[in-house]
Amino acid sequence: MRRAWKIYRLLAAQNLKRLMEYKVDFLTGAVSFLIDQAVGIAFIFIIFTQIPQLSGFTFEQIVFIYGFSQIPKGIDHLLTDNLWCVGYFIVRQGGFDKYMTRPINPLFHVIAETFQVDAIGELVVGIALICYSAGSAGLYVTPLSVILTIVAVPFAALIYTSIKIATSAIAFWIKSSGFIIQMVYGMNEFAKYPTTIYSVPVRVFVTFMIPFALTGYYPVVYLLTGENPLLNTGIVVSVSIVFFILSLLIWNRGLSAYESAGA
Amino acid sequence: MNRIGKRYVPFMKAGVQTLIAYRLNFFGFVIGGLIYCIVMFYLWKAVYDSAGGDSFLGFTMTEMVVYLFLANTTTQLTYSTVSGDIGDEIKDGSISMRMIKPVDMDWSYLFTELGAAFMKVVVLLIPVTVGLEIYRYCMLGEVMFRPLNFLLYFLSVILAYIISFRVNLCFGFVAFYVKNLWGFNILKNSIINFLSGSLIPLAFMPDVMRTILEYMPFASMGYTPVMIYMGKYSAYETAFRLGIQIVWAAVMFGISKLIWIGAVKKLSVQGG
């Protein structure tokens, strides 16, 4: 464990050096994700100039959900961005041999290698939106509700990570799985809005099949409505653990199926 | 004419072949667009339920669904990857290989993309149009398809594509200054999506903003064709909007040429 932490620090330091080298790069990336989010909010704002409530939620509450959903997404984006590269080209170009031949766990090595600062854009927007809307969203603020919501954040991020691990691992069999990651990851659109606006089959799908609803709406239900504290956070924690274990199983089976692309 | 064909047809074939080789990626993006449309469908449904009336800012729910799917399809059709392609070629220097060939730079890019564009019309536009017309028939009980509107739409899409291609060509030259092309691409796409009305109809925006945006090149890249298809414009207005598209196509053509002349000098500084 201490060795892993040491390796992580060394790799992260390399990343930060690269970052200092390309400051404009970092700004472009962060500003891009920031603008991308701002556009989404502008959209919600325009809708709310016409209606007072959306399915029983006020503007501030919708903004709160939207903002919250960006935080787990941003955390995962910050830490595990290299999985995209595994799916898109590392395996196909034979670059994965590097991870297989080193005395570190390959998954850990892949993840530790990249520290994606573009994600700062998402995190800044998420936190700013929460701060902006928290006061007027009529939240049920108790020590328990705040703690349960905060506890849900890392587990929600783990859902993102698990989905990326499982989909990128498909590349071990079919060489390139970028489009699968793209397709499944794209479903995080569902997390931005209250899950209650969807029809029942869609709701089941985004709660249990590709559980992005658990990264946005469920963790904040208790804060918004004061209902079912343990159930909502409980689903997030248990589903994310199950998905993480499943994704590790898929990854490990993929590793044993991996044969170098022979570049 | 024959000589031109001989020169550029190989580029077009290469475009089709690339799309077929990476068909799964293409498929992934189509599915991604579909997921986005489904989310937005439910969001709009919630909006219409909450708003109460049949019409929201002049759009009925049926019209909104048509707008949503058609705007997304139009964005895909007019989407140009030339900014990324040219950026990559500038970065790795392979653009010099393109420059020494006896072909016009932008025409070779254009023909490569035309191959892909043809495929998109077949696998995307035709199924979506048929699907939407069936949907409209089921919702309204009458056939709403207007062949003339569809033809004008198609003409408008071609103009939109030309503008989009030129705008993206200009963005591609930014690769000289920006290294993070991935981030830059996201920035470009989200700005275009918002300003072109593919995210939210420009008709919904505050009056001043809408008027400004309708005259900018971005509206010509997505909003105009969709509104023509939906029959939202009168005959006079349709002609006027098509005129604006032609003007922008010409302006962007000029700008991209000018930037290219400047960029070539910069390229030699880098040493190719």
Using non-hydrogen atoms and a 4.5 Å limit, figure out which bit of [X] sits close to chain B: side chain, backbone, both or neither.
X	result
V206(A)	neither
T49(A)	neither
Y198(A)	both

Heavy-atom contacts under 4.5 Å, residues 33-46 of chain B to chain A: I35(B), Y36(B), I38(B), V39(B), M40(B), Y42(B), L43(B), W44(B), A46(B)
Can you pull out the residues in residues 210-218 of chain B with any heavy atom less than 4.5 Å from chain A? none
For chain B, find which of G186(A), S176(A), S55(A) contributes the most heavy-atom pairs closer than 4.5 angstrom. S55(A)
Would you indicate whether Y132(A), at its atom OH, is surrounded by more than 12 heavy atoms from other residues, nucleotides or ligands within a distance under 6.0 Å? no
Please round to the nearest 0.5 Å and tell me the distance separating atom CZ of F204(B) and atom CD of Q50(A). 8.5 Å
Separation of L54(A) CG from S50(B) OG (nearest 0.5 Å): 4.5 Å
Would you please test F56(B) and I51(A) for side-chain contact (heavy atoms from CB on, under 4.5 Å) and show each step? CA-CA 10 Å; F56(B) 184 77; I51(A) 51 173; 4.0 Å; yes
Filtered by a 4.5 Å non-hydrogen cutoff, the part of residues 37-44 of chain A contacting chain B is V39(A), A42(A), F43(A)
Can you name the residues that form a salt bridge (charged side-chain N to carboxylate O under 4.0 Å, His left out) with E189(A), not counting sequence neighbours? K192(A)
Check whether any side-chain heavy atom of L187(B) lies under 4.5 Å from a side-chain heavy atom of D36(A), and answer yes or no. no
